[in-house]
Trainee: 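The structure follows.
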Amino acid sequence: LALRAVCRDLLASEDAGRPVDAIATFERIADRFIIGAVSQGAAEQDHQLRLAESERRDRQHAEVLQRVIAAQEEERKRIARELHDHTGQWLTSLMIGLRRLEAKQMPEDERQALAELQRSANRALEELHHLIFELRPSVLDDLGLVVALQRYMEDFARRTGIHLEMELEALAGVRLEPALEIALYRIVQEALTNVA
């Protein structure tokens with residue numbers, strides 16, 4: 001349609017009586033249209049290439065982020081297991097030894113010191129269990145996000161005295177992808193830490 005309009009304009013112009021000039025003018029105009037069309041096509045192709053490259057970078061970024069999160073969770077799991085298997089066992093052994101001493105005859109001041117040591121060891125064991133749970137709640141893997149969040153919130157409320165209400169009916173009985181469950185759990189954990 002644009003070329004037709006140009007042809008009409010060309011025939012009406014002063015070059016209409018001189019065929020050679022009219023053809024040359026028409027060729028120049030046609031060249032401009034071709035160059036414009038090629039430029040527009042090149043610009044569109046460049047835009048598509050940039051878009052594809054951007055999408056590829058976004059996918060790569062998401063994959064790297066997912067690998068980093070997976071590595072962090074694996075490291076948390078390893079540390080939690082080490083704390084449970086080694087430090088937890090040592091603290092449990094300490095508490096058993098303190099209980100054995102409790103059965104022996106000793107002066108009252110030593111008995112009070114022993115009771116204080118038992119309370120300290122018990123607090124240390126409770127803190128260790130809390131730390132292990134914070135690092136990697138096995139209930140998240142075993143029973144899912146809803147149960148893990150319920151337990152975390154109950155523990156949080158008990159430790160901080162902050163009353164919490166939770167509405168997760170939409171997720172009842174639903175298991176999400178493990179990476180998504182971990183991400184949601186960590187978001188809630190961080191939010192409550194900020195509240196505390």
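All residue numbers refer to positions in the sequence shown, counting from 1.
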Trainee: Roughly how far, to the nearest 0.5 Å, is the CE atom of Met95 from the CG atom of Leu117?
Mentor: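 These two atoms lie 11.5 Å from each other.
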
Trainee: Leu184 versus Val188: any side-chain heavy-atom pair under 4.5 Å?
Mentor: no

Trainee: Would you compute the distance between atom CD1 of Ile182 and atom CG of Asp141 and round it to the nearest 0.5 angstrom?
Mentor: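 Ile182 CD1 to Asp141 CG: 6.5 Å, rounded to 0.5 Å.
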
Trainee: Any Lys/Arg nitrogen of Arg57 or Glu53 sitting under 4.0 Å from an Asp/Glu carboxylate oxygen of the other?
Mentor: yes

Trainee: Say whether, by atom type as modelled, one donor and one acceptor occur between the side chain of Ser54 and the main chain of Arg50 under 3.5 angstrom.
Mentor: no

Trainee: Below 30° counts as parallel, above 60° as perpendicular, anything between as tilted: where do the rings of His84 and His129 land?
Mentor: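 Because their plane-to-plane angle lies in the 30° to 60° range, the rings of His84 and His129 count as tilted.
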
Trainee: Measuring only between side-chain heavy atoms, which start at C-beta, is Arg186 closer than 4.5 Å to Ile69?
Mentor: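 No, their side chains stay 4.5 Å or more apart.
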
Trainee: Any Lys/Arg nitrogen of Arg123 or Glu116 sitting under 4.0 Å from an Asp/Glu carboxylate oxygen of the other?
Mentor: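 Between Glu116 and Arg123 there is a salt bridge, with a charged N closer than 4.0 Å to a carboxylate O.
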
Trainee: Does atom CD of Gln60 have more than 12 heavy-atom neighbours from other groups under 6.0 Å away?
Mentor: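 Count over threshold, so yes.
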
Trainee: With the threshold set at 4.0 Å, does a side-chain nitrogen-carboxylate oxygen contact exist between Arg78 and Glu75?
Mentor: yes

Trainee: Are more than 12 heavy atoms from other residues, nucleotides or ligands located less than 6.0 Å from atom CZ of Arg76?
Mentor: yes

Trainee: Hey, what do you get for OG1 (Thr87) to CG (Leu91), rounding to the nearest 0.5 Å?
Mentor: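 So the gap between those two atoms works out to 7.0 Å.
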
Trainee: Does any non-hydrogen side-chain atom of Met153 lie less than 4.5 Å from one of Glu165?
Mentor: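 Heavy-atom side-chain distance check fails, nothing below 4.5 Å.
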
Trainee: What distance do Leu140 atom CG and Leu149 atom CG have between them, rounded to the nearest 0.5 Å?
Mentor: 8.0 Å

Trainee: Please report the interatomic distance CG(Leu101) to CD(Glu110), rounded to the nearest 0.5 Å.
Mentor: 10.0 Å

Trainee: Looking only at heavy atoms, what is the nearest atom pair of Ala179 and Gln66, with distance?
Mentor: CB-NE2, 4.3 Å

Trainee: Taking the side chain as everything from C-beta on, heavy atoms only, tell me whether Ile79 gets closer than 4.5 Å to Glu82.
Mentor: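 Not touching, per the 4.5 Å side-chain cut-off.
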
Trainee: Once you round to the nearest 0.5 Å, how far does CG of Leu114 lie from CD of Glu108?
Mentor: 11.0 Å

Trainee: Taking all heavy atoms of Arg151 and all of Leu143, pick out the closest pair and write down the distance.
Mentor: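 Shortest heavy-atom separation between Arg151 and Leu143 comes out as NH2-CD1, 4.0 Å.
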
Trainee: Is there a path of hydrophobic side-chain contacts, each under 4.5 Å between heavy atoms, that joins Leu98 and Trp90?
Mentor: no

Trainee: Are Leu192 and Leu164 close enough that some pair of their side-chain heavy atoms sits under 4.5 Å apart?
Mentor: yes

Trainee: Compare every heavy atom of Leu94 with every heavy atom of Ala121, then report the nearest pair and how far apart it is.
Mentor: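 Minimum heavy-atom contact is CB-CD2, 4.0 Å.
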
Trainee: Work out which heavy atom in Val195 is nearest to a heavy atom in Ile162; give both atom names and the distance.
Mentor: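 Taking Val195 first and Ile162 second, the nearest heavy atoms are CG1-CD1, 4.1 Å.
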
Trainee: Identify the heavy atoms of Tyr185 and Ala148 that sit nearest to each other, and give their distance.
Mentor: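 Where Tyr185 meets Ala148 most closely, the heavy atoms are CE1-O, 3.8 Å.
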
Trainee: Please determine whether side chain to side chain donor-acceptor pair (under 3.5 Å) holds for the pair Glu154 and Gln150, giving the CA-CA distance in whole Å, both sets of side-chain angles, and the decisive distance to 0.1 Å.
Mentor: CA-CA 6 Å; Glu154 288 167 4; Gln150 286 170 334; over 6 Å; no

